[in-house]
Amino acid sequence: MDKQRLIKNIDYSILICMLCLIAMGSLAIYSATCTGGGTMFISKQLTWVVLGFVIFFVFMLVDYKTLLTLSPAFYIGAILLLASLFVFGKSRAGSYSWLSIGGFTLQPSEIAKVVLIISLTKYLVWDHDKRQTFFYVVKALIISGIPLALILKQPDLGTALVFIPIIFAMLYIAGAKPRYLITLIVLGIAVLPVMFMFLKEYQKARLLVFINPNIDPLGAGYNIIQSKIAIGSGGMFGKGWLL
């Protein structure tokens with residue numbers, strides 16, 4: 001790939017927005033934690049920012065066609081990582097979602113998000129001539145369903161729910177017929193009461209407090225209530241720097 005053309009074609013508006021978000025987030029973290037945690041939290045944040053930029057530029061230099069070519073290997077690797085959690089995973093809050101490798105913790109479901117996007121892109125482009133058929137949608141759901149089922153098995157309902165809008169957005173942009181997507185959405189809504197019965201108690205609580213956090217103000221709804229208090233206390237412009 002022509003590196004000069006690559007640099008020339010960078011969307012600098014997106015890059016500037018990203019830098020602004022990083023700066024505002026870092027300032028907010030420092031302001032909120034400098035008195036209680038010193039520089040520990042902001043140091044960790046900046047470390048991950050630097051690492052993120054390194055990965056960002058590495059992938060920017062890789063031709064996207066190479067990523068699509070390697071997508072089957074990525075997909076199998078992501079499935080193996082997710083499956084390994086049931087043998088080597090570390091439990092956090094009742095969910096086996098993390099791998100510990102030499103003191104470094106890794107959450108395979110986050111890797112699976114990126115891999116799913118690459119894998120679905122490969123399929124949706126490769127089988128684009130069949131995009132008007134229902135089988136086109138079904139096959140995409142099968143590709144997505146395997147990692148999704150493994151994530152639900154951990155169990156990690158929150159991450160699994162993030163996959164759903166990703167899948168539907170990609171299918172819509174790829175040109176799948178809207179009536180197929182609407183049918184799936186209606187069917188999904190119809191089976192929600194049945195699915196709710198099979199959720200664990202803490203998962204039910206998380207969904208219910210999203211609607212009304214006051215049903216468990218000191219438990220599952222505590223964070224939501226405190227966030228509303230913080231926003232109300234800060235008002236439009238917040239408490240101020242370091243306050």
Side-chain angles (χ1 to χ4, degrees), residues 1-22 47-85 97 99 101 104-152 156 159-182 184-185:
M1 180 183 291
D2 188 340
K3 302 299 187 297
Q4 290 184 344
R5 187 180 65 181
L6 179 65
I7 294 174
K8 182 180 178 180
N9 290 333
I10 291 176
D11 190 333
Y12 287 98
S13 62
I14 293 179
L15 185 60
I16 291 171
C17 288
M18 181 175 68
L19 291 172
C20 289
L21 287 172
I22 291 172
T47 299
W48 285 111
V49 167
V50 172
L51 181 59
F53 267 105
V54 171
I55 297 173
F56 170 78
F57 284 110
V58 168
F59 273 88
M60 190 178 70
L61 295 174
V62 177
D63 192 330
Y64 76 92
K65 293 179 182 178
T66 302
L67 295 177
L68 294 182
T69 301
L70 295 174
S71 63
F74 292 153
Y75 184 80
I76 293 172
I79 296 300
L80 292 176
L81 272 177
L82 290 171
S84 69
L85 287 169
S97 303
L99 289 175
I101 305 173
F104 177 78
T105 55
L106 175 71
Q107 190 174 10
S109 59
E110 294 300 320
I111 296 175
K113 285 181 188 177
V114 180
V115 170
L116 178 64
I117 292 172
I118 296 173
S119 301
L120 267 185
T121 300
K122 169 72 173 180
Y123 163 68
L124 295 174
V125 172
W126 174 69
D127 223 10
H128 197 254
D129 58 325
K130 299 179 181 178
R131 65 185 183 277
Q132 298 298 313
T133 66
F134 187 65
F135 181 74
Y136 182 77
V137 175
V138 171
K139 191 172 180 181
L141 294 179
I142 292 172
I143 294 170
S144 308
I146 297 174
L148 190 61
L150 290 171
I151 292 171
L152 284 171
D156 188 354
T159 301
L161 290 175
V162 174
F163 276 63
I164 296 175
I166 293 174
I167 296 165
F168 275 84
M170 291 186 69
L171 281 168
Y172 177 76
I173 294 172
K177 284 190 174 181
R179 72 167 181 264
Y180 295 148
L181 301 181
I182 293 172
L184 289 173
I185 292 172

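Environment of OH in Tyr172: sparse, with no more than 12 heavy atoms of neighbouring residues, nucleotides or ligands closer than 6.0 Å. Annotation: Phe56, atom CZ; neighbour count of heavy atoms from other residues, nucleotides and ligands within 6.0 Å is above 12.
Closest approach of Ala176 and Val137 over heavy atoms only: CB-CG2, 3.9 Å. Residue Ala160 comes nearest to Leu148 through the heavy atom pair O-CD1, 3.4 Å, listed as atom of the first residue, atom of the second, then distance. Summarising the geometry of Pro108 relative to Ser97, their closest heavy-atom pair is CD-O, 3.4 Å, with the distance given to 0.1 Å. Closest heavy-atom contact between Phe163 and Ser109: CZ-O, 4.1 Å. Contact record, Lys122 with Leu68: CD-O, 3.4 Å, taken as the closest heavy-atom pair. Between Val162 and Ile166 the shortest heavy-atom distance is O-CG1, 3.5 Å.
Only one option out of Tyr136, Phe135, Phe134 pairs with Tyr180 in a ring pair (Phe, Tyr, Trp, His ring centres under 6.0 Å); it is Phe134.
Once rounded to the nearest 0.5 Å, the distance linking CG of Leu124 with NZ of Lys139 reads 10.5 Å. With rounding to the nearest 0.5 angstrom, the OG atom of Ser71 is 13.0 Å from the OH atom of Tyr123. Rounded to the nearest 0.5 angstrom, Ile151 CD1 and Glu110 CD are separated by 8.5 Å. Rounded to the nearest 0.5 Å, atoms CG (Leu152) and CG (Leu161) are 8.0 Å apart. Atom-to-atom distance recorded for Tyr75:OH and Ile143:CD1 is 6.5 Å, nearest 0.5 angstrom. Rounding to the nearest 0.5 Å places OG1 of Thr66 at 11.5 Å from CZ of Phe59.
Here the side chains of Leu106 and Ile111 are in contact, with some heavy-atom distance below 4.5 Å. Looking at Leu99 and Ser84, their side chains come closer than 4.5 Å, going by heavy atoms from C-beta outward. The shortest side-chain heavy-atom distance between Asp156 and Gln107 falls under the 4.5 Å cut-off. Leu184 places a side-chain heavy atom less than 4.5 Å from the side chain of Phe168. Residues Phe74 and Val114 form no side-chain contact, since every pair of their non-hydrogen atoms from C-beta on lies 4.5 Å or further apart. Proximity of Ile167 to Leu116: side-chain heavy atoms (C-beta onward) are separated by under 4.5 Å at one or more points. Contact annotation: the side chain of Phe53 approaches that of Leu19 to within less than 4.5 Å [non-hydrogen atoms, C-beta and beyond].
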